[in-house]
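Take a look at the structure below.
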2 protein chains.
Amino acid sequence: MTKITNAERPLRKDAAQHRQQLLTAAVQVFNEQGMDASVTEIARVAGVGIGTLYRRFPTKEALVDALIREILSTTIQMARDAVRSPDGVGLERFLEASSAYQAEHAGYLRRLWNTDHEMVKTVRQLIARLLVDAKKHGLIRHDLTSTDLSLAMFSLLGVLEATLPVAPDAWRRHLDLLIAGMRPAAADLPHRALSPASLDKVLATHKASLRPE
Amino acid sequence: MTKITNAERPLRKDAAQHRQQLLTAAVQVFNEQGMDASVTEIARVAGVGIGTLYRRFPTKEALVDALIREILSTTIQMARDAVRSPDGVGLERFLEASSAYQAEHAGYLRRLWNTDHEMVKTVRQLIARLLVDAKKHGLIRHDLTSTDLSLAMFSLLGVLEATLPVAPDAWRRHLDLLIAGMRPAAADLPHRALSPASLDKVLATHKASLRPE
DNA sequence: GTCTAAGCGGAGTGATCGCTCCGTATAATG
DNA sequence: CATTATACGGAGCGATCACTCCGCTTAGAC
């Protein structure tokens with residue numbers, strides 16, 4: 001376990017600022033052009049040279065990873081907040097809040113779930129807790145599993161990627177539909193849920209890689 | 001309106017066969033590697049030279065278009081069949097059948113809906129008819145619109161792209177959830193549906209382009 | 001003010017891509 | 001067969017990408 005956090009040695013003041021400019025520029029450029037935007041463009045928007053980008057982030061993937069870590073960190077915080085919601089409404093609050101947040105980072109969301117940081121597992125555990133709580137209060141059908149919620153995230157991602165530039169709120173309507181489907185009902189869902197082990201494999205194999213195999 | 005269908009002049013026998021081999025190879029390669037697989041690889045799998053590929057399809061995009069046209073044609077046929085279903089079950093049958101079919105072509109599905117062929121409009125009109133019929137029989141909630149169904153297609157696409165290689169049937173579970181959400185319910189969905197005009201814009205802007213802007 | 005480790009910019013590298021060009025081969029016609 | 005329009009293969013072109021390398025600059029410690 002290597003220390004990932006900074007603390008190795010404080011960056012020089014200008015370097016630290018450039019690093020932040022690069023992250024900001026990357027968010028903007030990825031959102032505008034998608035993940036195969038060129039690093040040159042990101043450096044240009046950030047107002048620094050390519051060399052500077054590559055000293056701060058040894059590879060394009062490392063840059064994306066830094067962004068992903070930010071998103072995961074915020075998402076975890078949202079889930080923690082939601083856990084404290086009363087009456088089992090935490091799950092719905094989390095789905096709404098995290099989707100709204102993710103809508104601002106749709107350009108590179110495909111990378112979100114297949115990073116092997118333990119942060120992903122943390123999110124999933126928190127979601128599982130939210131699900132249990134929501135069921136306990138009778139808000140969600142008993143046969144819904146937490147793997148179903150992972151599929152729902154991919155589902156929302158599909159809608160986001162398609163609609164975002166033109167109809168930035170369309171995902172809300174789709175989330176309505178998903179939640180309506182999650183309500184308690186007379187009959188169980190016809191098909192079996194994805195097993196947690198399979199979901200792990202899904203996230204590991206998910207073909208969101210930046211570079212070809 | 002130019003004639004798009006063949007009939008210009010019959011291809012030489014070997015050429016016609018090579019054309020078919022190329023289409024078959026393209027389906028396989030796109031499914032295995034995604035849409036940015038190289039044309040060289042497709043030609044290799046088809047057992048022909050690159051030159052041959054480019055005489056048959058003047059551009060990579062034209063090759064993809066030919067595949068898309070096949071899918072749309074099959075999808076239209078499925079929708080027509082579904083329209084003849086009794087008791088308003090046509091919509092669900094269509095969603096299941098078309099998803100199962102699309103699962104076999106997930107590699108290039110993003111291209112499906114943003115081609116401006118009138119075939120896309122035909123599909124959407126047929127889906128609208130299926131929706132009306134399903135509502136008439138009380139199977140689907142009254143406040144569901146046909147734009148909601150378009151979003152559902154993007155949703156399924158997102159699930160397909162994430163899960164297909166590892167859990168080829170996972171989409172069925174998600175479709176269960178979507179359909180459960182479409183059932184009649186006491187309360188309307190909280191958010192307004194996407195307007196048809198906006199959906200048109202979504203399909204036109206959808207960033208599934210092969211080449212950069 | 002001096003010194004130096006740290007940071008900087010961007011031309012250049014190698015790989016890959018879609019696509020073209022042209023000398024060669026062959027199916028179809030009589 | 002002979003003829004010819006048609007089809008074929010694949011080396012090569014230009015563009016683009018992620019990434020490296022190195023001479024120059026500068027922040028910050030003394």
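Letters A, B, ... are given to chains in the order of the sequence lines, protein chains preceding strands, and every chain is numbered from 1.
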Nearest-Å distance for atom pair CZ/C1', residues Arg19(A) and dA6(C): 16 Å
Between C1' of dT26(D) and CD of Gln17(A), the distance in whole Å: 14 Å
Residues Thr147(A) and Ser150(A): side-chain donor-acceptor under 3.5 angstrom: no
Charged N-O contact under 4.0 Å between Asp169(B) and Arg172(B): yes
Euclidean distance, Ile127(B) CD1 relative to Ile76(B) CD1, rounded to 0.5 Å: 10.5 Å
Euclidean distance, atom CE of residue Met35(A) to atom P of dA18(D) [Å, nearest integer]: 11 Å
Strand-adjacent residues in residues 44-55 of chain B, judged by heavy atoms under 4.0 Å from DNA chain C: Ile50(B), Tyr54(B)
Lys121(A) bridged to Glu118(A) by N-O distance under 4.0 Å: no
Value in whole Å for how far the P atom of dG18(C) lies from CG of Asp36(A): 13 Å
Sugar-phosphate, base or nothing in reach of Arg56(A), heavy atoms under 4.0 Å: sugar-phosphate
All N/O contacts under 3.5 Å from nucleotides 28-30 of chain C to the protein, with atom names and distances to one decimal?
{"residue": "dA28(C)", "atom": "OP1", "partner": "Lys13(B)", "partner atom": "N", "Å": "3.2"}

Sugar-phosphate, base or nothing in reach of Ala16(B), heavy atoms under 4.0 Å: nothing
Phosphate OP1/OP2 of dC19(D) contacted by Thr59(A) side-chain N/O (<4.0 Å): yes
Nearest-0.5 Å distance, CD of residue Gln21(B) to CG of residue Leu53(B): 12.0 Å
Atom pair distance, as rounded to whole Å: CD in Glu41(A) and P in dG10(C): 15 Å
Nearest-Å distance for atom pair CZ/P, residues Phe57(B) and dG18(C): 15 Å
Ion pair Arg124(A)/Asp200(A), N-O distance below 4.0 Å: yes
Residue-phosphate contact under 4.0 Å: His18(A) side-chain N/O, dG7(C) OP1/OP2: no
Modelled atom types, side-chain donor and acceptor of His174(A) and Thr163(A), under 3.5 Å: no
Residue that, paired with Leu149(B), satisfies side-chain contact (heavy atoms from CB on, under 4.5 Å) out of Leu130(B), Leu178(B), Leu131(B): Leu131(B)
Between Thr74(A) and Tyr101(A), a side-chain donor and acceptor under 3.5 Å: yes
Rounded distance (Å) that lies between atom C1' of dC17(C) and atom CD of Glu61(B): 15 Å
Nearest-Å distance for atom pair CG/C1', residues Leu63(A) and dC17(D): 15 Å
